[in-house]
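Below is one structure, written out as structure tokens; comments come after it.
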Amino acid sequence: MKQQKDIIGQRKEKIQKLIESGVELFPNDYRVSHTVKDIQGLLDGQSSDLSEDTRFSVAGRIMAINRFGKSSFLRFKDRTGQLQAYIRKDKVGDDAYDLYKKMDIGDFIGMAGPMFQTKTGEWTLLADSLRLIAKAMRPLPEKFHGLKDPEKRYRQRYLDLIMNPEVRDLFVKRSKLVHAIRMFLIDRDFLEVETPMMQPLPGGADARPFKTYHHALNMELFLRIAPELYLKRLVTGGFERVFEINRNFRNEGISTQHNPEFTMLEFYQAYATYEDLMTLTEEMFQSVAKSVNGLSEVEYQGELIDFSQSWKRIPLLDSLEQIAGVDPALFENKEKLMNFGLSKGIPFGDQARESVGIGKIMTKLFDILVEPKLIQPTFITGYPVEVSPLSRRNRENPDLTDRFELFIAGREIANGFSELNDPEDQKNRFLRQLDTKEEGDETPEMIDEDYIRALEYGMPPTAGEGIGIDRLAMLLTNSASIRDVILFPHMKHSEKS
RNA sequence: GGGUCGUUAACUCAGUCGGUAGAGUAUCUGCCUUUUAAGCAGAGAGUCGCGCGUUCGAGCCGCGCACGACCCA
């Protein structure tokens with residue numbers, strides 16, 4: 001007989017013995033009367049229900065075992081928390097105790113019995129019956145150090161969630177965050193909608209899309225890079241306040257700030273302006289931060305971020321002047337502005353000299369010289385038309401738009417603007433975008449004619465905004481990497497087992 | 001794309017000068033009916049990420065590759 005000596009092999013031998021003795025490894029008829037939290041609630045109230053006559057039926061995963069000869073302590077957890085149980089041979093009987101001796105850390109166990117206090121005063125379930133509920137074939141990571149290897153944590157998130165309670169708490173917070181946003185908008189009469197993830201033309205942003213193919217329709221489709229153009233069709237259709245919280249897909253690099261699929265909130269409000277949305281955003285963040293953390297401030301990577309006051313609103317050009325030290329005279333001259341950037345060590349691609357206008361130079365300077373310095377929540381307003389193809393022109397300066405971006409902790413968190421609802425202007429801007437399309441861009445040489453047509457039917461004056469949910473989640477959970485707030489971040493295929 | 005670091009038992013990690021692969025936890029056996037990372041005695045467990053090279057000899061040195069982390073672009 002070949003002896004398997006690795007842990008999984010040992011475990012499988014034990015399982016074989018359990019099967020031979022007639023134990024069901026994966027029953028599904030166990031009924032739970034109380035969660036751990038239910039019991040702890042009774043303990044806090046020192047309820048009379050804790051008398052010896054009251055039995056609790058609980059279930060969960062075994063996390064630790066202290067075995068003695070004919071008795072044993074174990075710690076198990078369910079979705080609500082951890083609890084200790086005490087198993088005595090003379091309480092559960094010989095057969096059950098033999099079964100228990102073959103059970104392992106990681107197994108799911110069901111137990112029933114009253115609560116009692118140990119010598120040290122810890123409330124503990126005194127099991128008078130127990131059952132195996134689900135067998136674990138693989139051992140859990142070590143109890144003290146847990147699972148630390150970041151690669152394994154991302155690739156096997158279930159293990160990360162079992163072993164690291166703070167990870168579990170983080171994703172609970174993320175869920176609360178999304179819920180709080182939803183409630184905030186619904187309270188303000190916004191309608192939640194779902195628009196296509198697969199689009200014949202990827203619009204609403206400037207990014208490389210994922211391409212796919214629908215065989216029955218015999219057509220190429222793109223995973224959406226933004227829902228914007230569909231949501232505005234809905235505003236045209238009479239849904240004057242809409243929002244969508246859903247995934248966008250961008251076929252670009254992966255980093256601590258970028259995942260190929262990420263979650264975006266977009267919302268649109270008719271008869272509002274970008275200035276209204278800035279105020280709404282302040283209210284939303286204050287409300288959401290309180291729902292998630294109980295505070296309207298949060299510590300992020302050593303900086304205390306305060307959402308409670310109203311936030312600075314700085315025009316883009318002023319920010320370049322005040323924060324990056326750019327001489328405003330340079331704003332009139334693309335060459336001189338670019339030379340200023342080069343003197344600061346900012347590389348511009350070769351084609352920047354030819355096809356790109358001064359607006360893109362300005363935003364490039366901003367990205368490098370200003371953005372990292374915007375730690376407290378700050379709205380930057382007045383973006384050049386050139387980089388804002390869907391935004392309404394500013395009344396006083398038609399080269400700029402009524403648009404803002406929100407920066408917190410040196411990062412872009414939100415982008416909003418008064419929407420361009422003039423179909424002629426919109427069509428011309430789409431056409432101009434086609435002219436400046438970069439080489440290698442696989443997006444079809446087409447503009448979204450139906451979106452133009454929708455605008456031609458008339459869209460009310462509207463303001464809209466997108467907020468990166470992952471980045472907001474990072475902020476509210478003090479996470480340095482986007483992977484820490486995405487349950488299953490994308491990884492390369494691994495050859496390791 | 002570039003740089004730095006990492007990959008050793010199920011997990012967390014040591015591994016000196018290139019000379020038989022180590023610890024703790026976990027696992028297995030025995031003892032133990034109030035433990036708290038329980039205790040005591042014993043045992044088993046390794047494709048040292050993968051490949052090539054240098055060498056009498058490579059976990060360790062060199063080259064290449066894979067995957068990951070961080071920084072830079």
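Note on naming: letters A, B, ... go to the chains in the order of the sequence lines (proteins, then strands), and numbering restarts at 1 for each one. Not measured: the values here are computed from a predicted model.
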With [atom1] as the reference atom in both, quote the distance from [N] to [M] in angstrom, rounded to an integer.
N: B/C48; M: B/U7; atom1: C1'; result: 10 Å
N: B/C13; M: B/A66; atom1: P; result: 25 Å
N: B/A9; M: B/C56; atom1: P; result: 31 Å
N: B/C32; M: B/A38; atom1: C1'; result: 11 Å
N: B/C5; M: B/A10; atom1: C1'; result: 25 Å
N: B/G15; M: B/G24; atom1: C1'; result: 15 Å
N: B/G68; M: B/U34; atom1: C1'; result: 45 Å
N: B/A73; M: B/U16; atom1: P; result: 36 Å

Touch check for [X], heavy atoms < 4.0 angstrom, all strands: base, sugar-phosphate only, or nothing?
X: A/Lys89; answer: nothing
X: A/Lys148; answer: sugar-phosphate
X: A/Arg153; answer: nothing
X: A/Lys70; answer: base
X: A/Asp90; answer: base
X: A/Met491; answer: sugar-phosphate
X: A/Tyr97; answer: nothing

Mind calculating the distance between [atom1] ([X]) and [atom2] ([N]) to the nearest angstrom?
X: A/Gln156; N: B/C67; atom1: CD; atom2: C1'; answer: 14 Å
X: A/Gln301; N: B/C70; atom1: CD; atom2: P; answer: 11 Å
X: A/Ile8; N: B/G44; atom1: CD1; atom2: C1'; answer: 16 Å
X: A/Leu159; N: B/A26; atom1: CG; atom2: C1'; answer: 14 Å
X: A/Leu369; N: B/A73; atom1: CG; atom2: P; answer: 12 Å
X: A/Leu74; N: B/U34; atom1: CG; atom2: C1'; answer: 14 Å
X: A/Phe144; N: B/A38; atom1: CZ; atom2: P; answer: 10 Å
X: A/Ile65; N: B/A37; atom1: CD1; atom2: C1'; answer: 14 Å

Task: Pair A/Arg138-A/Arg11, side-chain contact (heavy atoms from CB on, under 4.5 Å): steps then yes or no - done: CA-CA 8 Å; A/Arg138 293 173 181 269; A/Arg11 187 83 57 109; over 6 Å; no

Looking only at the side chain of [X] (C-beta and beyond, no hydrogens), which of the listed nucleotides [options] gets closest?
X: A/Thr120; options: B/C32, B/U36, B/U27; result: B/U36
X: A/Leu147; options: B/C11, B/U36, B/C67; result: B/C11
X: A/Ser494; options: B/U27, B/U34, B/C67; result: B/C67
X: A/Glu122; options: B/C70, B/U33, B/U36; result: B/U36
X: A/Lys119; options: B/U12, B/U35, B/U27; result: B/U35
X: A/Pro139; options: B/A10, B/U12, B/U35; result: B/A10
X: A/Glu151; options: B/G68, B/U34, B/U25; result: B/G68
X: A/Arg88; options: B/U12, B/U34, B/A10; result: B/U34
X: A/Asp104; options: B/C28, B/A26, B/C70; result: B/C28

Inspect the surroundings of [atom1] in [X] and state if more than 12 heavy atoms from other residues, nucleotides or ligands are less than 6.0 Å away.
X: A/Asp95; atom1: CG; value: no
X: A/Lys89; atom1: NZ; value: yes
X: A/His490; atom1: NE2; value: yes

Task: Residues in contact with RNA chain B, drawn from residues 125-132 of chain A - heavy-atom cutoff 4.0 Å - done: none

Taking only N and O in the side chain of [X], is any of them less than 4.0 Å away from OP1 or OP2 of [N]?
X: A/Asn66; N: B/U35; value: no
X: A/Lys143; N: B/A26; value: yes
X: A/Arg138; N: B/A26; value: no
X: A/Lys152; N: B/C11; value: yes
X: A/Arg67; N: B/C32; value: no

Open item on the list: I'd like to know if the side chain of A/Asp78 reaches the main chain of A/Gly81, judged simply by a donor and an acceptor atom lying under 3.5 Å from each other, with no hydrogens or angles considered.
Closed with: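 Here the side-chain-to-backbone pair exists.
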
Task: Parallel, tilted or perpendicular: ring planes of A/Phe116 versus A/Tyr86, cut at 30 and 60 degrees - done: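 The rings of A/Phe116 and A/Tyr86 sit tilted, inter-plane angle from 30° to 60°.
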
TODO: Using the test side chain to side chain contact (heavy atoms under 4.5 Å, CB included), find all partners of A/Pro165 that sit at least two apart in sequence or belong to another chain.
DONE: none

Under a 3.5 Å cut-off for both distances, is [N] Watson-Crick or wobble paired, and to whom?
N: B/C5; answer: B/G68
N: B/C48; answer: none
N: B/C61; answer: B/G53
N: B/C40; answer: B/G30
N: B/U12; answer: B/A23

Open item on the list: So which atom in A/Glu261 and which in A/Ile486 form the shortest heavy-atom distance, rounded to 0.1 Å?
Closed with: O-CD1, 4.3 Å

- [ ] Taking atom types as modelled, find out whether A/Arg403 and A/Ser388 have a side-chain donor-acceptor pair closer than 3.5 angstrom.
- [x] yes

Open item on the list: Would the base of B/U35 count as contacting A/Gln84 through its side chain, where contact means a donor and an acceptor less than 3.5 Å apart?
Closed with: yes

Would you tabulate the side-chain donor-acceptor contacts of residues 317-332 of chain A under 3.5 Å, counting partners in other chains and residues two or more places apart, or write 'none'?
{"unit_1": "A/Ser319", "atom_1": "OG", "unit_2": "A/Leu316", "atom_2": "O", "d": "2.7"}
{"unit_1": "A/Asp327", "atom_1": "OD1", "unit_2": "A/Ala329", "atom_2": "N", "d": "2.9"}

TODO: State which residue, out of A/Asp484, A/Leu159, A/Leu161, fulfils the side-chain contact (heavy atoms from CB on, under 4.5 Å) condition with A/Arg153.
DONE: A/Asp484

Open item on the list: Could you tell me if A/Arg88 sits above the aromatic ring of A/Tyr97, with its cationic atom closer than 6.0 Å to the ring centre and no more than 45 degrees from the axis?
Closed with: no

TODO: Please figure out whether A/Leu140 or A/Tyr154 has its closest RNA chain B nucleotide nearer the 5' end.
DONE: A/Leu140

Task: Most 5' of A/Lys17 and A/Thr256 on RNA chain B, judged by nearest nucleotide - done: A/Lys17

Open item on the list: Ring centres within less than 5.5 Å and planes less than 30° apart: is that true of A/Phe73 and B/U35 in this structure?
Closed with: yes

